Novice: 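Shown below is the structure under consideration.
Since we're looking at a predicted model, the values are computed, not measured.
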Amino acid sequence: MPAERLKLKPPTEGHKIVIAEGGLKVPDDPILPIIEGDGIGPDVTRAARRAISAAVERTSGGRRRIVWYDVPAGEMALFKFGELLPQATFDAIREYVVALKGPLTTPVGGGFRSLNVALRQGLDLYANTRPVYWIPGVPSPMKHPERMDIVIFREATEDVYAGIEWARGSEEAGKLRAFLESEFRVKIPEDAGIGLKPISERKTKRLVRKAIRYAIENHRRSVALVHKGNIMKFTEGAFRDWGYEVARQEFPKDTITLDEVNRSFGGTPPKGKVVMKDVIADNMFQQLLTRTEDYDVLATPNLNGDYLSDSAAAQIGGLGVAPGGNIGEAHAVFEPIHGTAPKYAGMDKVNPTAEILAGVMMLEYLGWRESGEALRNAVKKTIAQKIVTYDLARQMEGAKEVKCSAFADAVIRNL
């Protein structure tokens, strides 16, 4: 069936979230699209949706509930409808505003580009937001994983993820190589693939603006602009400069630069001020290890944020416990940041913690903070009881190994 003819049937119950001038108007029974995903996706999303629904019902005394709306994407969508990402799925998320998804397959090499990137770009979900914090009891390679508590705001629509590239030997690469040589005296080897890396003022500023607002609203101490501007002066260097501009021009009463703190306040930030600083990307990697507690909110171009978020997640137990959100001006899609692990598909084996914590982020985005906090605490309690899936059980002495679905059962009991 061609994708353009695919018609999805929304639930007959529930109501739509409304985008209003002051923010989202969320009904007590919002319809939320959910993409189960590929590989282990169905296992973790089904576990998570039960835990999320239970948290909402219990904390609201039954007054609130989520009406889930299954929408297709990924390998199953290709098999059933001939499209990896049907337009009807895009339309459903655009109409119902907030969604949850499982992991989707991203191939290396030729063929279609990442479905995650397609969703972010198609819905302009420009802030890939990743909170990274340690849950007590989760095995970690670090002596002090509790020192990690950061939120990364990673630009999600440009930089290398703009996907502007041409293959080695292609006509387009040849034309571009010839143009660069004739007009700018830039020589590129004939056997090179060529890619472009756009970083724009508008997209940088809206990303940094969101990071600063988050820091202010959540009483965070600092926002670090992470860049490679010492080498790429007009892209990543500009990211740094534009970031400081946003703070100076739009948040002068709430922010202060690290230079000002050192120059005028003896190195101690004034109370209530968010400190703006910047760090070279490669230095940031070792700073997260050696001075972890000095960092709070990071704002990054796309590729830097990709590396850093995975590296930071490794310090608190790995991608199995790391959630993420793709957030625009109103629309948002929440997800785990791990992959599809196809060899474990359908085995009810893998860890659903990241998917459940993505649900925590989603609940907080809806304004249902009590439900989100209850769900996060239930996850912490379950892990503290050493009721865990195989990936953590093999690293924890005295652990009770359970299946993916049974872990969700335990979380629900601990609400």
Side-chain angles (χ1 to χ4, degrees), residues 14 17 23-34 44-68 96-102 125 127-138 148-153 210-211 213-220 296-297 313 316-317 320-328 330-337 351-384 407-415:
I17 293 171
L24 300 182
K25 289 188 175 181
V26 181
D28 286 339
D29 57 349
I31 298 172
L32 300 183
I34 182 169
V44 296
T45 53
R46 290 167 192 173
R49 70 195 282 177
R50 289 194 297 113
I52 296 165
S53 293
V56 170
E57 181 180 355
R58 293 191 188 181
T59 55
S60 69
R63 181 172 59 88
R64 288 174 172 163
R65 68 187 179 105
I66 292 173
V67 179
W68 298 103
Y96 293 97
V97 186
V98 177
L100 182 71
K101 64 174 283 294
L125 308 176
N128 183 227
T129 307
R130 296 184 174 182
V132 187
Y133 54 89
W134 183 61
I135 296 175
V138 173
M148 175 66 71
D149 184 9
I150 64 172
V151 182
I152 298 175
F153 283 78
K210 191 176 283 290
R213 283 178 178 161
Y214 177 90
I216 293 169
E217 292 169 2
N218 292 276
H219 309 291
R220 293 279 183 159
D296 204 336
V297 175
I316 52 91
V321 293
N326 306 287
I327 303 172
H331 291 81
V333 177
F334 297 91
E335 63 183 354
I337 67 175
N351 190 347
T353 297
E355 189 79 53
I356 294 172
L357 294 179
V360 170
M361 292 182 69
M362 183 185 73
L363 293 172
E364 291 175 342
Y365 189 73
L366 295 176
W368 295 358
R369 289 188 172 271
E370 184 181 0
S371 299
E373 187 65 22
L375 185 54
R376 182 187 293 110
N377 288 339
V379 170
K380 290 181 177 180
K381 184 175 180 180
T382 304
I383 291 173
F407 181 83
D409 293 337
V411 170
I412 292 169
R413 287 196 303 271
N414 282 324
L415 283 166

Novice: Quick one: does Asn218's side chain get under 4.5 Å of Val151's, heavy atoms only?
Specialist: no
Novice: Do the non-hydrogen side-chain atoms of Ile152 and Thr129 ever get within less than 4.5 Å of each other?
Specialist: no
Novice: Nearest 0.5 angstrom please: Ile31 CD1 to Asp29 CG, how far?
Specialist: 7.5 Å
Novice: Which heavy atom of Arg65 sits nearest a heavy atom of Pro30, and at what distance?
Specialist: O-CD, 3.3 Å
Novice: Identify the heavy atoms of Val97 and Leu24 that sit nearest to each other, and give their distance.
Specialist: CG1-CD2, 4.0 Å
Novice: For atom CD of Glu373, decide whether the heavy atoms of other residues, nucleotides or ligands shown that lie under 6.0 angstrom number more than 12.
Specialist: yes
Novice: Using the salt bridge (Lys or Arg N to Asp or Glu O under 4.0 Å) rule, take Glu364 and Arg376 through it: C-alpha gap first, then chi angles, then the decisive distance, then the call.
Specialist: CA-CA 11 Å; Glu364 291 175 342; Arg376 182 187 293 110; 2.7 Å; yes
Novice: So how far is it from His219 NE2 to Asp296 CG, rounded to the nearest 0.5 Å?
Specialist: 12.0 Å
Novice: For Val333, run the side-chain contact (heavy atoms from CB on, under 4.5 Å) check against Leu100, Val98, Leu125 and tell me which one passes.
Specialist: Leu125
Novice: Below 4.0 angstrom, N of the basic side chain to O of the carboxylate: do Arg220 and Asp149 qualify?
Specialist: yes
Novice: Tell me yes or no: between the side chains of Ser53 and Trp68, is some donor less than 3.5 Å from an acceptor?
Specialist: yes
Novice: Which pair of heavy atoms, one from Tyr365 and one from Gly328, lies closest together, and at what distance?
Specialist: OH-O, 4.4 Å
Novice: Under 4.0 Å between a side-chain nitrogen and a carboxylate oxygen: does that hold for Glu335 and Arg130?
Specialist: no
Novice: If you round to the nearest 0.5 Å, how far is CD1 of Ile34 from CZ of Phe334?
Specialist: 13.0 Å
Novice: What is the minimum heavy-atom distance between Ala358 and Pro323, and which atoms define it?
Specialist: N-CB, 3.4 Å
Novice: Could you check whether any side-chain heavy atom of Ile327 comes within less than 4.5 Å of a side-chain heavy atom of Asn128, counting everything from C-beta outward?
Specialist: no
Novice: Looking at CZ of Arg64 and CH2 of Trp368, how far apart are the two atoms once the value is rounded to the nearest 0.5 Å?
Specialist: 5.5 Å
Novice: Can you tell which of Val379, Thr45, Val44 makes a side-chain contact (heavy atoms from CB on, under 4.5 Å) with Pro352?
Specialist: Val44
Novice: Check whether any side-chain N or O of Lys381 sits under 3.5 Å from a backbone N or O of Leu415 as a donor-acceptor pair, and report yes or no.
Specialist: no
Novice: Could you give the distance from CG (Leu363) to CD (Glu370), rounded to the nearest 0.5 Å?
Specialist: 11.0 Å
Novice: Provide the closest heavy-atom pair for Val411 versus Thr382 in the form atom of the first, atom of the second, distance.
Specialist: CA-OG1, 3.5 Å
Novice: Side chains of Ile383 and Phe407, heavy atoms from C-beta outward: is any pair under 4.5 Å?
Specialist: yes
Novice: Between Ser371 and Arg369 (side chain of the first, backbone of the second, donor and acceptor by atom type, cut-off under 3.5 Å), is there such a pair?
Specialist: no
Novice: So Val138 and Thr353, side-chain contact (heavy atoms from CB on, under 4.5 Å) or not? Walk me through it.
Specialist: CA-CA 11 Å; Val138 173; Thr353 297; over 6 Å; no
Novice: What distance separates Lys380 NZ from Trp134 CH2, expressed to the nearest 0.5 Å?
Specialist: 10.5 Å
Novice: Decide side-chain contact (heavy atoms from CB on, under 4.5 Å) for Lys210 and Phe153; before the verdict, give the C-alpha distance in whole Å, the side-chain angles of both, and the deciding distance to 0.1 Å.
Specialist: CA-CA 8 Å; Lys210 191 176 283 290; Phe153 283 78; 3.9 Å; yes
Novice: Might you point out which heavy atoms bring Ile412 and Ala51 nearest each other, and give the distance in Å?
Specialist: CG1-CA, 3.8 Å
Novice: Step by step, work out the side-chain contact (heavy atoms from CB on, under 4.5 Å) result for Leu32 and Ile17.
Specialist: CA-CA 9 Å; Leu32 300 183; Ile17 293 171; 3.8 Å; yes
